[in-house]
There are 2 protein chains.
Amino acid sequence: MAWDTEGTKRKIREAAVREFAAHGPDGTTVERIARSAGVNKERVYNYFGDKRSLFSHVLRDELAKVAQAVPVESFAKEDVGDYAGRVYDYHRERPELARLLRWEGLAFDGEVPDEELRREYYRYKLAAVVDGQEHGTVTTSIDADHLIFLVLSLAGWWTAVPQVARMLTQPLTEEEEARRRASVVEAARRLARTP
Amino acid sequence: MAWDTEGTKRKIREAAVREFAAHGPDGTTVERIARSAGVNKERVYNYFGDKRSLFSHVLRDELAKVAQAVPVESFAKEDVGDYAGRVYDYHRERPELARLLRWEGLAFDGEVPDEELRREYYRYKLAAVVDGQEHGTVTTSIDADHLIFLVLSLAGWWTAVPQVARMLTQPLTEEEEARRRASVVEAARRLARTP
DNA sequence: TCCTTTTCCAACGCTATCGTTGGAAATGAG
DNA sequence: CTCATTTCCAACGATAGCGTTGGAAAAGGA
């Protein structure tokens with residue numbers, strides 16, 4: 001079973017995503033990541049350097065995944081509500097990315113790695129909104145950068161403050177999930193609507 | 001200068017809010033809270049018990065403050081956009097509460113203290129939306145609980161993922177702050193609008 | 001079989017933090 | 001002045017995590 005370098009690295013990355021998403025950079029221990037990956041702690045340091053580097057590494061991976069899984073071309077063609085629904089679904093299935101981003105926002109604000117790469121991702125989304133505005137399918141009464149940002153907030157807030165969602169809405173059944181998704185879709189449409 | 005028990009407690013609470021908001025429950029040390037408050041570490045344990053209790057304590061205080069500072073009665077009388085603007089302003093001036101809530105959401109989800117007290121706060125907001133809906137000033141195509149939740153997301157997301165906001169929008173000048181506020185107000189109006 | 005690479009494992013030194021303790025100094029009420 | 005209370009301070013033992021190290025076991029290619 002040895003001799004599988006890539007497999008070992010992958011197991012470490014997967015475990016690191018789980019642990020970091022669950023406990024954050026401070027709350028996570030390298031020991032637990034290693035155990036959860038079924039490898040030795042020493043392997044982690046050997047392949048990924050220190051804890052902070054590993055965090056950056058897995059976050060970069062997750063950003064690449066979401067960019068591929070929830071693509072967007074132009075809101076002249078796709079409905080903004082549908083897009084918001086897809087984003088919501090993604091976060092529901094893979095809540096890790098959103099949690100990693102929020103840990104980063106709380107713990108590391110102001111020192112973000114891979115900044116240029118990440119701006120690239122956002123440029124695509126921005127371009128999709130601008131295209132919609134130019135074709136008259138998206139309102140111009142909210143600036144494009146803010147509009148896409150706010151649409152993302154509709155889909156992301158639920159997991160950002162789950163305790164608030166729990167106290168304010170229904171218990172989290174399948175029905176409630178469906179209601180939430182419907183609200184997000186409707187809300188996004190309302191944000192983008194043209195008169 | 002001694003003999004001022006309440007003053008000492010207050011200084012500890014204020015320092016704790018700063019430290020917890022900045023570094024989270026894990027990243028904060030009791031030693032730093034004490035130093036920042038200008039008192040001895042031993043005082044913290046004596047007055048507030050362990051670290052977790054202190055965290056709950058200051059969060060409860062901050063919740064009470066916001067409930068008083070950003071009151072809401074009925075969206076039959078007040079415009080939802082204006083309310084969202086007030087919430088945005090509050091978070092801009094006092095970002096601590098939002099950060100504490102998000103630390104809590106990430107680190108302590110599922111074990112929230114003072115749950116009943118906090119539900120009470122949300123019941124007021126919910127009632128304000130329902131009242132608006134009954135008076136026809138607020139749409140009924142989004143359920144009241146979700147509507148208020150999403151309005152709060154519009155105001156709160158900026159500080160939840162500040163690094164994303166920075167990469168997606170303009171540098172954070174006074175002008176950009178004003179633009180953001182305007183977008184939040186407009187977006188909230190759009191969410192609540194009746195046909 | 002021999003040799004190189006990967007992996008495991010136990011233990012290391014180091015630092016940080018927790019929560020506690022015992023006693024001394026300062027303070028203000030009576 | 002006396003005395004109870006508040007505060008400071010230094011140090012405590014215990015634990016936990018970081019990042020490293022040296023060497024042994026396992027695996028597979030030549």
Side-chain angles (χ1 to χ4, degrees), chain A residues 1-61 99-100 103-104 106-108 111 113, chain B residues 1-61 99-100 103-104 106-108 111 113:
Chain A
M1 281 293 275
W3 218 235
D4 181 13
T5 313
E6 282 312 312
T8 301
K9 288 184 184 172
R10 182 181 43 74
K11 283 191 292 184
I12 292 174
R13 282 198 305 267
E14 290 171 358
V17 169
R18 283 195 299 273
E19 293 293 324
F20 277 133
H23 309 291
D26 279 329
T28 293
T29 74
V30 178
E31 172 66 38
R32 282 172 55 123
I33 292 176
R35 214 179 324 141
S36 168
V39 304
N40 194 272
K41 171 182 164 185
E42 174 267 340
R43 291 288 86 196
V44 179
Y45 286 103
N46 193 304
Y47 286 134
F48 296 97
D50 64 13
K51 192 162 73 158
R52 177 69 186 274
S53 302
L54 180 54
F55 185 88
S56 300
H57 194 115
V58 299
L59 179 52
R60 188 167 54 241
D61 286 353
R99 290 181 63 92
L100 291 176
W103 284 118
E104 182 189 54
L106 283 169
F108 299 145
E111 3 163 11
Chain B
M1 281 293 277
W3 219 233
D4 181 12
T5 313
E6 282 312 311
T8 302
K9 288 183 184 173
R10 182 182 43 73
K11 283 190 292 184
I12 293 173
R13 281 197 306 268
E14 290 171 357
V17 168
R18 284 195 299 274
E19 293 292 324
F20 278 132
H23 309 291
D26 279 328
T28 294
T29 74
V30 178
E31 173 65 39
R32 283 173 54 126
I33 292 176
R35 214 179 324 142
S36 168
V39 304
N40 193 272
K41 170 182 164 185
E42 173 267 340
R43 291 287 86 195
V44 179
Y45 286 103
N46 192 304
Y47 285 135
F48 296 97
D50 64 14
K51 192 161 72 159
R52 177 67 186 274
S53 301
L54 180 54
F55 185 88
S56 300
H57 194 116
V58 299
L59 179 50
R60 187 167 56 240
D61 286 352
R99 290 181 62 92
L100 291 176
W103 284 117
E104 182 190 51
L106 282 169
F108 298 146
E111 4 163 9

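Order of the sequence lines fixes the chain letters, A, B, ..., with proteins taken first and strands second; residue numbering starts at 1 for each chain. Given the structure is predicted, the values throughout are model-derived calculations rather than measurements.
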Given D/dC8, C/dT20, C/dC8, the nucleotide with the shortest approach to the side chain of B/Tyr45
C/dT20
Quick one: does NZ or CZ of B/Arg52 land under 6.0 Å from the six-membered ring centre of B/Phe108, within 45 degrees of the ring axis?
yes
Find the distance B/Asn46:CG to C/dG23:P and express it as a whole number of Å.
17 Å
Pair B/Arg18 + B/Glu14: basic N to acidic O under 4.0 Å:
no
Length of the CG-C1' vector between A/Asp4 and D/dA26, whole Å:
14 Å
Any side-chain heavy atom of B/Ser53 sitting closer than 4.5 Å to one from B/Phe48?
no
Are the side chains of B/Ser36 and B/Glu31 in contact, using a 4.5 Å heavy-atom criterion?
no
Would you mind telling me which of C/dC18, C/dC8, D/dC8 lies closest to the side-chain atoms of B/Lys41?
C/dC18
From the candidates D/dC18, D/dC9, C/dC8, the one with an atom nearest any side-chain atom of A/Glu42 is C/dC8
Are B/Leu59 and B/Phe20 packed together at the side-chain level, in the sense that at least one heavy-atom pair is separated by less than 4.5 angstrom?
no
Need the bend value for the helix from C/dT1-D/dA30 to C/dG30-D/dC1: angle between end axes, 5 pairs each end, nearest 10°.
10°
CD1 of B/Ile12 to CD1 of B/Ile33: how many Å apart, nearest 0.5 Å?
9.0 Å
Do A/Val44 and A/Lys41 have side chains that approach each other closer than 4.5 Å (heavy atoms only, starting at C-beta)?
no
Given side chains that start at C-beta, do those of B/Lys9 and B/His57 come closer than 4.5 Å, heavy atoms only?
no
Please list, by residue number, the residues of residues 48-57 of chain A whose heavy atoms come closer than 4.0 Å to an atom of DNA chain D; answer none if no residue qualifies.
A/Asp50, A/Lys51
Look at the side-chain N and O atoms of B/Thr8 and state whether any lies under 4.0 Å from the OP1 or OP2 oxygen of D/dT6.
no
To the nearest Å, give me how far apart NZ (A/Lys11) and C1' (C/dT7) are.
10 Å
Separation of B/Asn40 atom CG from C/dT20 atom C1', in whole Å?
12 Å
Is there side-chain contact between B/Tyr47 and B/Leu54, with at least one heavy-atom pair below 4.5 Å?
no
Does some side-chain heavy atom of B/Arg32 sit less than 4.5 Å from a side-chain heavy atom of B/Thr28?
no
Is the distance from OP1 or OP2 of C/dT7 to the nearest side-chain N or O of A/Tyr47 less than 4.0 Å?
yes
Kindly state which residues belonging to residues 19-35 of chain A come within less than 4.0 angstrom of DNA chain C, counting heavy atoms of the residue only, listed by number.
none
Separation of atom CZ in B/Arg43 from atom C1' in C/dG22, rounded to whole Å
14 Å
For the residue pair A/Arg43 and A/Tyr45, would you count it as a cation-pi contact if the rule is NZ or CZ under 6.0 angstrom from the ring centre and within 45 degrees of the ring axis?
no
